[in-house]
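Here's the structure, in structure tokens; my notes come after.
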Amino acid sequence: DGTEKAKAGRIEASCTVRGSINHDEYFHVSHIVRPGETLSSSGHESRVGGKGANQAVAIALAGGTARFYGTIGKDGLWIRERMMRFGIDVEGIVVSEELTGRAIIQVDEQGENSIILFPGANYSDLHEQSFARHPDGPGWFPTSTHLLLQNEIPLPATYYALHSAKAQGAVVVVNPSPLPEEEEMRRFPWEKVDWLVVNEAEARGVYGAVARRGMDEVSSQRQSQKKASSPASMSTRELISSLSAEPAFVSTNIVCTLGADGVLAFVPALHRRDNSLEAQEFIQLPAAKLLEGVKDTTGAGDCFAGYFVCGLMEFAESAAGRRGEDGGTEGGGKREMREKDLERILKVAVQAAGMCCERRGTIDSYPSRSEVEARMA
Ligand code: ADP
Ligand code: NA
């Protein structure tokens, strides 16, 4: 399995996840509370949440090495304990004086929910302070082969992680969720992102923001031509290829999840290295066939992202292992990723994300790698 592969290969891939970690508090209610109303809940559950933590858990369940960097409060020590039990390296969890980030979730009898997010310790800058105080000096960042980011921590912390990991040659994967403000998206260093993982709404949001920057620069006649295809009216394929054509995205592979329709990947960064593959730049896979129907899609995107990154990590390990076998003759050394490699990775991620929709809950519904493989066999 993954661990054995890691030992056989020349590198041991690991992924730093710098992101959010929350105490998700569920209150089961007859209906979502109305203005002025006081309502008793019929049940309560405390769970581990936050997109960063969710994705780290998905990597671990997929069989990958995840190192989580985030901030909790003293009230959240149990969360660190649970993360550790998933096999996640929790040394990068800082305990601050602030309260742990929290999601207050009302779930009504129809399964409808309503959420208040309290960022809490996720927005502390303790991490960047501790990076600056590191014995190896300011600018220190944990060394991993991969970096996975979301958008539930301050953007400067995201930038710090992104620039540091990229400077170390890590593969950078960004799931910009929830979407930053338009202005922030225009300034985001997309050119440093190797893999953009988005859902359809996020893809439209990112394109809307970065294309607007382009439109501001073109003359007014050109602008009216562009208006013909506004992000809202474009097909997903049109949207993704237009986004990819934006200067900041020329070396970014885009993976767009389509909910019940599966996933669409656009991989110009792979093709640029291998002209023979240019005919087909899109890879589309249908969603997994579910045995039990859809119960709860919460966190499906995070499950997908974690499994996807674990697939990239396994590929990096096997590519490096192959280099050993081949005597290092191929190209720049490492074996390049081909479409069939990516397809295999996506297939596993789609299966895992689908299976998490069959059960209630977020990380509690994420399947293990062996469950995923049993279903695919
Ligand atoms: P997000 O949760 O970020 O909005 P999506 O809704 O696109 O992301 O879901 C992520 C992935 O989860 C999809 O690519 C798909 O593989 C799986 N998935 C989501 N909804 C369903 C569904 N109704 N049936 C099967 N798979 C699903
Ligand atoms: Na679920």
Side-chain angles (χ1 to χ4, degrees), residues 17 19-20 24 26 28 45 47-59 61-62 103 105 107 111-113 115 117 148-152 173-180 195-206 235-237 239-240 243 253-267 282-312 342-369 371-373 375-376:
V17 181
S20 59
D24 279 3
Y26 290 81
H28 297 276
E45 289 145 40
R47 301 189 183 280
V48 176
K51 295 184 73 66
N54 292 348
Q55 295 185 12
V57 167
I59 292 173
L61 285 168
I105 307 162
V107 186
E112 201 63 54
N113 65 39
I115 305 174
L117 256 189
L148 177 56
L149 297 167
Q150 313 75 29
N151 184 40
E152 287 186 335
V173 184
V174 174
N175 169 222
S177 178
L179 275 186
W195 296 89
L196 177 73
V197 178
V198 281
N199 64 20
E200 256 184 295
E202 288 154 2
R204 269 176 224 282
V206 173
S235 75
T236 313
R237 285 191 178 220
L239 177 77
I240 300 300
L243 178 59
N253 293 302
I254 302 172
V255 174
C256 182
T257 61
L258 309 171
D261 290 328
V263 66
L264 178 68
F266 192 73
V267 290
F282 281 108
I283 297 176
Q284 183 155 12
L285 294 181
K289 289 207 174 56
L290 306 185
L291 295 183
E292 302 158 39
V294 176
K295 273 219 184 67
D296 178 6
T297 62
T298 314
D302 293 336
C303 182
F304 178 93
Y307 262 86
F308 174 71
V309 171
C310 186
L312 293 181
L342 180 57
E343 246 178 59
R344 207 172 301 132
I345 294 169
L346 292 172
K347 219 168 170 179
V348 174
V350 153
Q351 182 67 49
M355 287 170 77
C356 98
C357 301
E358 293 177 340
R359 293 184 266 186
R360 292 226 178 279
T362 306
I363 60 169
D364 312 271
S365 69
Y366 290 0
S368 69
R369 183 63 172 269
E371 289 176 295
V372 173
E373 279 174 3
R375 193 72 78 81
M376 290 174 81

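Just so you know, these numbers use all the heavy atoms, side chains as well, and skip hydrogens, waters and symmetry mates. Note that ligands are numbered from 1 as they come in the structure, with each ligand's atoms numbered from 1 the same way.
Between Ile345 atom CD1 and Leu312 atom CG the span is 5.0 Å, to the nearest 0.5 Å. Here the CG atom belonging to Asp24 is positioned 10.5 Å from the CD atom belonging to Glu45, to the nearest 0.5 angstrom. Interatomic distance, CZ of Arg237 versus CG of Leu264, reported as 5.5 Å (0.5 Å rounding). Atom-to-atom distance recorded for Cys356:SG and Asp296:CG is 7.5 Å, nearest 0.5 angstrom.
Using a 4.0 Å cut-off between charged side-chain N and carboxylate O, Glu358 and Arg375 make a salt bridge.
Residue-level proximity to ligand 1 for Ala260 is carried by backbone and side chain together, each with a heavy atom below 4.0 angstrom. Proximity of Leu258 to ligand 1, defined as any heavy-atom pair under 4.0 Å, is confined to the backbone N, CA, C and O atoms.
Near Gly354, meaning under 4.0 Å from any of its heavy atoms, are these atoms of ligand 1: 26 (N). Near Ala287, meaning under 4.0 Å from any of its heavy atoms, are these atoms of ligand 1: 25 (C), 26 (N).
Checked by distance only, ligand 1 and Gly259 come closer than 3.5 Å through their nitrogen or oxygen atoms. Taking distance alone, with nitrogen or oxygen atoms compared against 3.5 Å, Gly262 approaches ligand 1 more closely than that limit. No N or O atom of Ala300 sits closer than 3.5 Å to an N or O atom of ligand 1.
Taking both residues in full, the closest heavy atoms of Ser177 and Glu202 are given as OG-OE2, 2.9 Å, listed atom of the first, atom of the second, then distance.
Nearest to atom 12 (O) of ligand 1 among the protein's heavy atoms is Ala353 CB, 3.3 Å. Residue, atom and distance of the protein heavy atom nearest to atom 4 (O) of ligand 1 are Asn199 ND2, 3.0 Å. Looking only at heavy atoms of the protein, atom 2 (O) of ligand 1 is closest to Gly301 N, 3.2 Å.
Taking 3.0 Å as the limit, the number of protein N, O or S atoms around the Na ion (ligand 2) is 5.
Between Gln351 and the options Leu290, Leu285, Val372, Leu346, a side chain to side chain contact (heavy atoms under 4.5 Å, CB included) holds for only Val372.
Taking the ring-ring contact (aromatic ring centres under 6.0 Å, His included) definition, one finds that Tyr307 meets it with nothing, sequence neighbours left out.
If you check the side chains of Asp302 and Gln55, you find a donor sitting under 3.5 Å from an acceptor.
When the options Thr257, Val198, Val294 are ranked by their closest heavy atom to atom 23 (N) of ligand 1, first place goes to Val294.
Annotation: Glu292, atom CD; neighbour count of heavy atoms from other residues, nucleotides and ligands within 6.0 Å is above 12.
Classified by interplanar angle (parallel below 30°, tilted 30° to 60°, perpendicular above 60°), the ring pair Phe282/Phe266 is tilted.
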